[in-house]
Enquirer: 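Below you'll find the structure I mean.
Only a predicted model underlies this, so the values are computations on that prediction, with no experimental measurement involved. Quick note: numbers below take in every heavy atom, side chains included, and nothing from hydrogens, waters or symmetry partners. Both ligands and their constituent atoms are indexed starting at 1 by order of listing.
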Amino acid sequence: MAYWVNSAAMTAEERAELSLTGWGTAGSVHVLPNSARKWLQREIGWNPRSTPAEGLALKTTAATRLPDAASAALIEIVGDEHVCTDGPNRLRRGSGRSYLDLIRRRGGDVSGLPDVVVVPGSHDEVLAVLRRCAEDDLAVVPYGGGTSVVGGLAGGAGEHRAIVALDVRRLDSIDSIDAKSLLVSVGPGMRGPEFETRMARYGLTLGHFPQSYEFATLGGYAATRSVGQASTGYGRFDELVAGVRLATPVGDWRVGRAPASAAGPDLLGLVLGSEGIFGVITELTLRVRPAPETKQYEGWSFRSLPRAVEGLRQLSRAGLLPDIARLSDPDETRANLILPGSSKAAALQALLRARGHGGGCLLIIGWEGENDAVGIRRRAASSLLRRCEAIRLGRATGQSWFANRYAGPYVRDALLDVGLLVETLETAASWTDLMEVYDATREALVEFLSTEDKKPLVMCHVSHVYPTGASLYFTVVADRDEDRPLQQWLLAKRAATDALLSRGGVLTHHHAVGIDHAPWLAQEIGDLGVAVLHAVKDRLDPTGICNPGVLISRP
Ligand SMILES: Cc1cc2nc3c(=O)[nH]c(=O)nc-3n(C[C@H](O)[C@H](O)[C@H](O)COP(=O)(O)OP(=O)(O)OC[C@H]3O[C@@H](n4cnc5c(N)ncnc54)[C@H](O)[C@@H]3O)c2cc1C
């Protein structure tokens, strides 16, 4: 059963707009199989109920605080049709897609909206908008695809007069393709599918496929240091960026030179992950590569998580890591085998039980590249995995993962509709600390989401593997406390974040900081690190209008 929408089959209009209260568009399918419903009932002690989102369009939104003179100035810069103060447009740019965002909007909460949406058509227009907003004391929140899950769009106006959402969707052209050097310059508003389609015409690929691929933008990836499903092989998004152009309130700044430079510290690294607080990324130069001749995905099973983690470590040490490595813990493996409710998944479950891997861990690995090279890598890795006591499950398991790799967010909508809390959190740790971080985070989530007769389902997978360690991605499903849904998650998230930081985990591996993680930032980068970010911001954005409240906030 396919849960996700093939965006290539959607009209341009449908593709353009992400649902306000969930994932996908008007054409999305949200179905929870009956077997899944029953299994979740048993697993977490939840009473299914219908909790559909309220009709947001019927709600009244607050009047815009944008002064008339500022409105006229913005219209002069970008044109009348690219300045919107109507409710639906402001609502659409007013939040991301975290559980907290969705619960607020689903409950009809329309607070925290920008006062105006401005859609510039060029770098120069962005510069002019920023200068004018600095003069008029208006906060500017860059808006890409709106898929932030850390409150990256929800910093608020701070001490400024109003909020301008600066939507980069019109900055979506490919400006140059240097196929010889494998460098492509592109606007920040382009989405991944469009970019990959355009690259395919030249036999090229970027290879960045996060789960938000259908809706997130290239500029958003750079601003948050995103990571995709194939990042073990292709590299994190920050490794795929050779340079960016940044429009700031004090002028134009180009950083990063290919192929490499030793001209002082890496200023590109300062801009990547800056989440709009220094200005707006208006152009990216991306490192692409030849499209792979073959893509091969396969499943493996390990008897336990520690054994499987050790298997990945061995692969990494031997230089045999695949391009995609996704290792599910026992609970996620169980859910993957049960939730689809399919006969194939049931047969696989029976096979694993028969081989003594009943409570084991599923590993999906993917190989991409030239046929011969993939064959050599695969064979060497397979024999190492067998020495680590893994069982090969074959290509059908890998293909099934590939076919459903963007399904998660659609399933989440179906779960939100029946009274469940569904949220994710992620971290990374060294091989030495990984299992301790896993145990501590899991325990904190279970403790804070359990009641006398209910317990959460806490699932985890390793999604990215490095020579020194790996990432951990937790998915939590629990009965939603309808009286205090936001606090229920906030308390659990706070406990989990404290736990993972205290055991050596990082604050965020790829979701970024936003407002949600900002209170913990100094624990990771130190007070001096936070002061350095403030100093850079003060130089580039002296009046503090760029995304106030996000990443760093004034004490
Ligand atoms: C269902 C789901 C799945 C996800 N899966 C992944 C995943 O697999 N991997 C991953 O890394 N992340 C994932 N995310 C998180 C999110 O998709 C990423 O953070 C993504 O990079 C955000 O891109 P966006 O275009 O939607 O940015 P937005 O959400 O619009 O913005 C994110 C932040 O960047 C700033 N920003 C946006 N564009 C610019 C710009 N041009 N210049 C300066 N600042 C800018 C914004 O102000 C904001 O602070 C997921 C989110 C969801 C909801």
Enquirer: Quick one: does NZ or CZ of Arg405 land under 6.0 Å from the six-membered ring centre of Phe402, within 45 degrees of the ring axis?
Expert: yes

Enquirer: Let me see the working for Glu239 and Arg287 under salt bridge (charged side-chain N to carboxylate O under 4.0 Å, His left out), right down to the final yes or no.
Expert: CA-CA 8 Å; Glu239 295 171 66; Arg287 298 188 164 97; over 6 Å; no

Enquirer: Does an N or O anywhere in Val550 fall below 3.5 Å from an N or O of ligand 1?
Expert: no

Enquirer: Can you tell me the protein heavy atom closest to atom 42 (N) of ligand 1 and the distance?
Expert: Ile281 N, 2.9 Å

Enquirer: Which residue and non-hydrogen atom of the protein lie closest to atom 9 (N) of ligand 1, and at what distance in Å?
Expert: Val227 O, 2.7 Å

Enquirer: Identify, for atom 29 (O) of ligand 1, the protein heavy atom at the shortest distance, and state residue, atom and that distance.
Expert: Ser148 N, 2.8 Å

Enquirer: Using a 4.0 Å cut-off to any heavy atom of Asn547, which atoms of ligand 1 qualify?
Expert: 47 (O), 49 (O)

Enquirer: Give a yes or no on whether a salt bridge exists between Glu135 and Arg131, defined as a side-chain N under 4.0 angstrom from a carboxylate O.
Expert: no

Enquirer: Could you find the nearest protein heavy atom to atom 36 (N) of ligand 1 and give me its residue, atom name and distance?
Expert: Ala223 CB, 3.7 Å

Enquirer: When you measure from the heavy atoms of Gly279 to every atom of ligand 1, does any distance fall below 4.0 Å?
Expert: yes

Enquirer: Which residue and atom name correspond to the protein heavy atom nearest atom 7 (C) of ligand 1, and how close is it?
Expert: Pro210 CB, 3.3 Å

Enquirer: Keeping the roles fixed (side chain from Glu368, backbone from Asp323), state whether a donor-acceptor pair exists under 3.5 Å.
Expert: no

Enquirer: Answer with yes or no whether the side chains of Asp101 and Ser98 bring together a donor and an acceptor at under 3.5 Å.
Expert: yes

Enquirer: Report the part of Trp23 (side chain from C-beta onward, or backbone N, CA, C, O) that has a heavy atom under 4.0 Å from ligand 1; answer both or neither where that applies.
Expert: side chain

Enquirer: Counting heavy atoms only, name the option from Thr508, Thr224, Val150, Val141 that's nearest to atom 18 (C) of ligand 1.
Expert: Thr224

Enquirer: Quick check for you: to the nearest 0.5 Å, what is the distance between Ile364 atom CD1 and Arg326 atom CZ?
Expert: 8.5 Å

Enquirer: Identify whether the distance between the nearest side-chain nitrogen and carboxylate oxygen of Arg161 and Asp137 falls below 4.0 Å.
Expert: no

Enquirer: Using a 4.0 Å heavy-atom cut-off, say whether Pro142 meets ligand 1 through its side chain, its backbone, both or neither.
Expert: both

Enquirer: To the nearest 0.5 Å, how far apart are OG1 in Thr217 and OH in Tyr143?
Expert: 9.5 Å

Enquirer: Is Asp331 salt-bridged to Arg442, going by a charged N under 4.0 Å from an acidic O?
Expert: yes

Enquirer: Could you tell me which atoms of ligand 1, counted from 1 in the order shown, lie closer than 4.0 angstrom to a heavy atom of Gly146?
Expert: 26 (O), 28 (P), 29 (O), 30 (O)

Enquirer: Can you tell which part of Ser226 has a heavy atom less than 4.0 Å from ligand 1: side chain, backbone, both or neither?
Expert: both

Enquirer: With rounding to the nearest 0.5 Å, note down the distance linking CG in Leu127 to OG in Ser122.
Expert: 8.5 Å

Enquirer: Less than 4.0 Å is my threshold; does some heavy atom of Ala512 fall inside it relative to ligand 1?
Expert: no

Enquirer: Yes or no on salt bridge (charged side-chain N to carboxylate O under 4.0 Å, His left out) for Asp136 and Arg132, after CA distance, side-chain angles and deciding distance?
Expert: CA-CA 6 Å; Asp136 285 336; Arg132 182 68 208 199; 2.8 Å; yes

Enquirer: So which protein heavy atom does atom 26 (O) of ligand 1 come closest to, and at what separation?
Expert: Thr147 OG1, 2.6 Å

Enquirer: For atom 27 (O) of ligand 1, which of Gly219, Gly220, Gly228 has the closest heavy atom?
Expert: Gly220

Enquirer: At less than 4.0 angstrom from any non-hydrogen atom of Arg97, what atoms of ligand 1 do you find?
Expert: 53 (C)

Enquirer: Report the part of Thr217 in contact with ligand 1, treating N, CA, C, O as backbone and CB onward as side chain, heavy atoms under 4.0 Å; options are side chain, backbone, both, neither.
Expert: both

Enquirer: Applying the side-chain contact (heavy atoms from CB on, under 4.5 Å) test to His517, which of Val513, Ile515, Leu521 qualifies?
Expert: Val513

Enquirer: What residue and heavy atom of the protein are closest to atom 1 (C) of ligand 1, and at what distance?
Expert: Pro409 CG, 3.3 Å

Enquirer: Return the residue, atom name and 0.1 Å-rounded distance of the protein heavy atom closest to atom 49 (O) of ligand 1.
Expert: Gly152 O, 2.8 Å

Enquirer: Give yes if a backbone or side-chain nitrogen or oxygen of Gly145 is under 3.5 Å from a nitrogen or oxygen of ligand 1, and no if not.
Expert: yes

Enquirer: For His510 and Val227, which heavy atoms make the closest approach, and how far apart are they?
Expert: CB-CB, 3.6 Å

Enquirer: Which of the atoms of ligand 1 are close to Pro188, meaning less than 4.0 Å from one of its heavy atoms?
Expert: 41 (N)

Enquirer: Side chain, backbone, both or neither: which part of Ser212 has a heavy atom under 4.0 Å from ligand 1?
Expert: both

